[in-house]
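Right, one structure below, let's go through it.
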Amino acid sequence: MTPRRRCWLMKSEPEDFSIDDLARVGVEPWTGVRNYQARNFMRDGMREGDRVLFYHSNCNVPGIYGIAEVASAAYPDPTQFDGRSKYFDPKARPEEPRWFLVDVRYVETLERPILLSRIREAEASLGDDFALIRRGTRLSVLPVSSAQYNTLLALE
DNA sequence: GCCAACGTTGGC
DNA sequence: GCCAACGTTGGC
C-alpha cells in the first residue's frame, strides 16, 4: 500500500518564479533554499507525489496561487557549487553537499488565489502549528497537515 | 559556548 | 522603503 501523500507549502517570489512560470516549464528544480530547517523538510520529509501549495511571497498580494507536487527525491542543489550563481556556497563541497532540493511539478493554478489576508481570518481553524502565520516564522518550505490543507483549499 | 553584528525575509 | 524578527557568522 502506498503511503498517504504529505502536504507542504513552498514560497516563491513571483517576480523571481511564479505559478505561471511553473505552468510554462512544467517541472522545476527548487534551487536556492539556504535555510537548514527548510532543507531538512525537503531532504528528509518529501517524497515524490507529495502535494505542494504554491505561495507567492514578497509581492503586492501574497497568498496561495496554485498547486504543485513533488516530482523527485531530494538531491544536491547544483547551484551551491556554481561560482556564477547567486546561490553559490563556497563552503559546500561536492563530496559533502550542504544544500538539497526537489523537483516540483505543476498541477494547477487556482481560479481564485487563497490570499494571506483570508488565511489570517481563518487562523483559528488552522491550529496553532501552522507555520505560515506563526509570528516570526520565515520558512520558505513548511509542512502542512492534511487537515490544514483541506481547510486552506476550502477557503478558495 | 556566548553574543554582538550583520544579512535576510517578507508583510505592510 | 521601512522595519520586526530571525538565522548565521565570527571574535573572544
Side-chain angles (χ1 to χ4, degrees), chain A residues 6-25 28-46 50-70 74-104 106-145 147-149 151-156:
Chain A
R6 294 177 188 173
C7 305
W8 308 91
L9 183 144
M10 298 173 90
K11 298 180 185 175
S12 184
E13 302 191 10
E15 284 199 13
D16 190 41
F17 190 79
S18 71
I19 188 71
D20 291 340
D21 294 321
L22 185 61
R24 200 170 305 119
V25 299
E28 177 76 4
W30 205 258
T31 54
V33 170
R34 294 294 181 268
N35 169 282
Y36 288 105
Q37 207 179 342
R39 176 204 69 180
N40 293 346
F41 285 135
M42 286 200 291
R43 188 189 60 185
D44 308 330
M46 286 190 179
D50 283 357
R51 290 278 136 172
V52 174
L53 299 170
F54 196 107
Y55 181 89
H56 284 181
S57 68
N58 202 15
C59 56
N60 285 340
V61 190
I64 298 164
Y65 280 74
I67 311 288
E69 66 181 11
V70 176
Y75 61 96
D77 180 343
T79 63
Q80 70 193 297
F81 309 123
D82 178 359
R84 292 161 305 175
S85 168
K86 64 176 173 178
Y87 300 127
F88 177 61
D89 182 347
K91 294 180 181 168
R93 292 174 302 127
E95 62 275 20
E96 199 179 340
R98 276 191 169 195
W99 306 112
F100 288 76
L101 54 70
V102 296
D103 293 342
V104 171
Y106 176 78
V107 174
E108 66 171 291
T109 303
L110 296 184
E111 263 179 59
R112 284 177 300 144
I114 302 160
L115 305 183
L116 178 59
S117 53
R118 183 83 185 83
I119 296 171
R120 287 197 193 285
E121 288 170 11
E123 180 171 6
S125 57
L126 287 161
D128 54 9
D129 63 335
F130 186 50
L132 181 68
I133 49 180
R134 204 162 53 206
R135 189 170 151 276
T137 304
R138 297 169 313 172
L139 279 175
S140 63
V141 177
L142 52 102
V144 178
S145 74
Q148 289 161 348
Y149 184 88
T151 301
L152 286 165
L153 286 187
L155 299 177
E156 190 186 359

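Side-chain atoms are counted along with the backbone in the values below, which use heavy atoms only and exclude waters and symmetry mates. Throughout, a chain's letter reflects where its sequence line sits, starting with A, and its residues are numbered from 1.
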**OP:** Determine, step by step, whether A/Phe17 and A/Thr31 satisfy the side-chain contact (heavy atoms from CB on, under 4.5 Å) criterion, reporting the C-alpha distance in whole Å, the side-chain angles of both residues, the deciding distance to 0.1 Å, and the verdict.
**Re:** CA-CA 11 Å; A/Phe17 190 79; A/Thr31 54; over 6 Å; no
Does [X] make a side-chain N or O approach to OP1 or OP2 of [N] shorter than 4.0 Å?
X       : N      : answer
A/Tyr55 : B/dG11 : yes
A/Lys11 : B/dG10 : yes
A/Lys86 : B/dT8  : no

From the options [options], select the nucleotide whose nearest atom is closest to the side chain of [X].
X        : options              : result
A/Arg138 : C/dT9, B/dG11, C/dA5 : C/dA5
A/Arg98  : C/dG7, C/dT9, B/dG11 : C/dT9
A/Asn35  : C/dT9, B/dG11, C/dG7 : C/dG7

Please report, rounded to the nearest Å, how far the [atom2] atom of [N] is from the [atom1] atom of [X].
X        : N      : atom1 : atom2 : value
A/Arg134 : B/dG11 : CZ    : P     : 16 Å
A/Ile133 : C/dA5  : CD1   : C1'   : 17 Å
A/Ile64  : B/dG10 : CD1   : P     : 14 Å
A/Glu15  : B/dG11 : CD    : P     : 13 Å
A/Tyr36  : B/dT8  : OH    : P     : 15 Å
A/Leu132 : B/dT9  : CG    : P     : 16 Å
A/His56  : B/dC12 : NE2   : C1'   : 19 Å
A/Asp16  : B/dT9  : CG    : P     : 11 Å

Subject >> Quiz item: A/Arg34 side-chain donor-acceptor pair to B/dT8 base, under 3.5 Å >> reply: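 When only heavy-atom distances are counted, A/Arg34 does not reach the base of B/dT8 through any donor-acceptor pair under 3.5 Å.
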Original post:
Touch check for A/Arg120, heavy atoms < 4.0 angstrom, all strands: base, sugar-phosphate only, or nothing?
Top reply: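 Touches sugar-phosphate only.
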Original post:
So what does A/Leu139 touch, heavy atoms closer than 4.0 Å: a base, only the sugar-phosphate, or nothing?
Top reply: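 Here A/Leu139 touches the backbone only, sparing every base.
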Original post:
Taking atom CD of A/Glu95 as the centre, does the number of heavy atoms from other residues, nucleotides or ligands within less than 6.0 Å exceed 12?
Top reply: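 More than 12 within 6.0 Å, yes.
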Original post:
Quick one: are A/Val33 and A/Leu101 in side-chain contact, heavy atoms under 4.5 Å?
Top reply: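 In short, these two side chains do not touch, never coming nearer than 4.5 Å.
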Subject >> Sole residue of A/Arg98, A/Arg39, A/Arg34 in salt bridge (Lys or Arg N to Asp or Glu O under 4.0 Å) with A/Asp77 >> reply: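 For A/Asp77, the salt bridge (Lys or Arg N to Asp or Glu O under 4.0 Å) check succeeds only for A/Arg34.
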Original post:
If you pin A/Gln37 and A/Lys91 to their nearest nucleotides in DNA chain C, which one's is more 5'?
Top reply: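 Residue closer to the 5' terminus by nearest nucleotide: A/Gln37.
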**OP:** Verify the ring-centre separation between A/Trp8 and A/Phe54: is it less than 6.0 angstrom?
**Re:**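 No - the distance between ring centres of A/Phe54 and A/Trp8 does not fall below the 6.0 Å cut-off.
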